[in-house]
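In what follows, every chain begins at residue 1, and chains take the letters A, B, ... in the order their sequences are listed. Side-chain atoms are counted along with the backbone in the values below, which use heavy atoms only and exclude waters and symmetry mates.
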Amino acid sequence: MTQNTPTRVVQTIALAYANGDLHVGHLVEAIFADCHARHRRARGDDVVFLGADDCHGTPIEIKAAAQNQTPQELIADIGARHRADYAAFDISLDHYHSTDSPENEALCAEVYRHMQEAGLIDRRNVAQLFDPDAGRFLSDRHVKGGCPKCGALDQYGDNCEACGATYQATELAHPVSTLTGATPVIADSEHLFFRVSALEPIVRAWAQSGTLQSGVLAKISDWFDDGLRDWDISRDAPYFGFPIPDEPGKFFYVWLDAPLGYIASLIAYLNATGSSRTWRDDWGEGSDTEIIHHIGKDIISFHAVFWPALLTAGKCRLPSRVQAHGFLTVEGAKMSKSRGTFLLASDLAAHVDSDAVRYALLSRLGDFTTDIDFSARDVVDRVNAELVGKIANIPVRLRGLVQDPEAVHLSDTLLDPALWAECAALADDAVAQFHAFEPGQAIRRIVDIATRTNGFIQSHAPWAQTDLVARNAVTTQALCQFRLIAALLQPVSPRFAQRCLAVFGTEAVAWADLSTPVLGTTAALPTHLMDRLDAGGIAALFNQPATPKEA
RNA sequence: GGCGCGGUAGCUCAGUUGGUUAGAGCGAUCGACUCAUAAUCGAUAGGUCGGGAGUUCAAGUCUCCCCCACGCCA
């Protein structure tokens, strides 16, 4: 491996909305990001891997009220469950925070002050639907009515699912509040607008500088072509969020404080670890910290347009990379509660080995935004054929060929240096693929090493050799290559990789040490490293009705 | 409706700036081996590259039209 200079990396997963439990779709992103974080650590980088719950907005307020809870009680409860779900899949977050935190409130006020000083705040009157019974303005999703274009009934306040038209909620025919059933009235209110349009050149230059995947850039380019619109960042009381300084009765829109929650999480992390750094050392203008956001394709616009604008206003550095991924389908279709394919992370964790889930998902992930599928058949086939059959099987099959499986002395030389060189090259390539956000490609290289290793054992037929030295030469080379595989699986299936590395008495292998064969050392061969998955068990999990925890 | 991304072997996908008989993995079939978790290794079969037209000595690869699927529209 070539040596790399260590880089400071701040990596985030998208904030999870605190009104429901995590499902397997959330896991895709968390596992993808965690794989990258573990890769970067193995590379020697200084990684801070952050997450947080997104806690503000009307839906959470309404849900809490329906459950006779305060919003704070609801988000504390959900936050604990989210942490447990991430932990069950070994997501190695350094800190998990909440957007409803003092750090975030102070940060929002600071960024807002910078906006004001830079003349980036406008005041405009906005006509909105107001529910007289609930005493509040209605968001688009809380009002239904007839589409003004095609007349379709029962459409939400922003667009029509029947004809695809977009419009203002105030244009709806016969609007009805979904909160109370009351007929809303149109009322005026003054709103604060963030003048995103003034920052367009900066945002556009950033977006075109290689920070986005090409498909993502194509997707948002028409926003730039049409000209960026200014962004309404205020909401009227009652609203669960942060009050805007010196603006009685007005609150920051949830999408303003949510991404700032990434930075709030960093602040809390630095405080908790007693670091001498300040958050601006990483996120201030001029910082050379690499900042990577992992997101789903549904929130590309917020992260590729509003977020860089917000950071610019707040005198912060812009992200190095916005890494978007596609959605997860289950058994070839959108997750569905009625079809029994709405998989909660907690249910999955209870029934399927987390390393197996990680392996199966990462095998399908890469640097693209197309959707990927998760099917019982695929998970079982892949894990049993590759992880168990081809990989875990290697040290186990060698067990019967050595005199003392608990203390195998590896020889000092390689029997087939050319084969080792090929495997080392594949390993280098796998690391490069991890780095390029292509875990699926990395795994193909890893399996390739395993196939070559099994073929090597097969062709030398050590079981037919009576010369113990010759037999040991085969064992030595096979184990050196197995250790390469074990090390490369650290970002993919960490617990399994650790069991594999324990064969050599080590816990972790850095990329810098990858291509040094473990000649002359001692290994202890296991009888078993990984259970085969039972197809029936997983199928049963998929078909069970989702536990009614609400999502 | 506008825009975007796709449509390649049963399945999941590779196919670089157009260039020899279109590739890989899984699955299937056959064979080998027996150290191993019905494991592993090898071989074989399988595609009019969504449809049509065009440019070219040459097109999965470029142009146009159409069909289908998915996504986005703040």
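- Ring pair A/F306/A/W255: centre-to-centre distance not below 6.0 Å.
- A/I457 comes within 4.0 angstrom of nothing in the nucleic acid, heavy atoms only.
- Set against B/C35, B/A38, B/A74, the side chain of A/Q458 has B/C35 as its closest nucleotide.
- Taking side-chain N and O atoms only, A/K390 has a distance below 4.0 Å to OP1 or OP2 of B/C26.
- In this entry B/G1 has B/C73 as its Watson-Crick or G-U wobble partner, both defining distances falling under 3.5 Å.
- Among the heavy atoms of the strands, none lies under 4.0 Å from A/A461.
- Here B/U63 sits opposite B/A53 as a Watson-Crick or G-U wobble pair (both hydrogen-bonding atom distances under 3.5 Å).
- Within 4.0 Å of A/W223, counting heavy atoms only, lies at least one base atom of the nucleic acid.
- Closest to the side chain of A/K297, out of B/G27, B/A74, B/G71, is B/G71.
- Checking each of A/E29, A/H26, A/H293 against A/I13 for a side chain to side chain contact (heavy atoms under 4.5 Å, CB included) leaves exactly one that passes, namely A/E29.
- With a glycosidic angle no more than 90° from 0, B/G46 adopts the syn conformation.
- Residue contacts for A/D381: at a heavy-atom cut-off of 4.0 Å it reaches no nucleic acid atom on any strand shown.
- Residue-level contact check: A/T451 touches the backbone only, with heavy atoms under 4.0 Å from sugar-phosphate atoms and none from bases.
- In this structure, A/R364 reaches the sugar-phosphate backbone alone: every heavy-atom distance under 4.0 Å involves primed, P, OP1 or OP2 atoms, never a base.
- Shown here, B/G46 forms no base pair; nothing in the strands shown gives a Watson-Crick or G-U wobble contact with both key distances under 3.5 Å.
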Self-check item: Trace of the salt bridge (Lys or Arg N to Asp or Glu O under 4.0 Å) decision for A/D448 with A/R452
Solution: CA-CA 6 Å; A/D448 196 356; A/R452 285 163 196 257; 3.1 Å; yes
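- A/Q323 and A/H36 are not linked by any side-chain donor-acceptor pair at a separation below 3.5 angstrom, with hydrogens and angles left out of the test.
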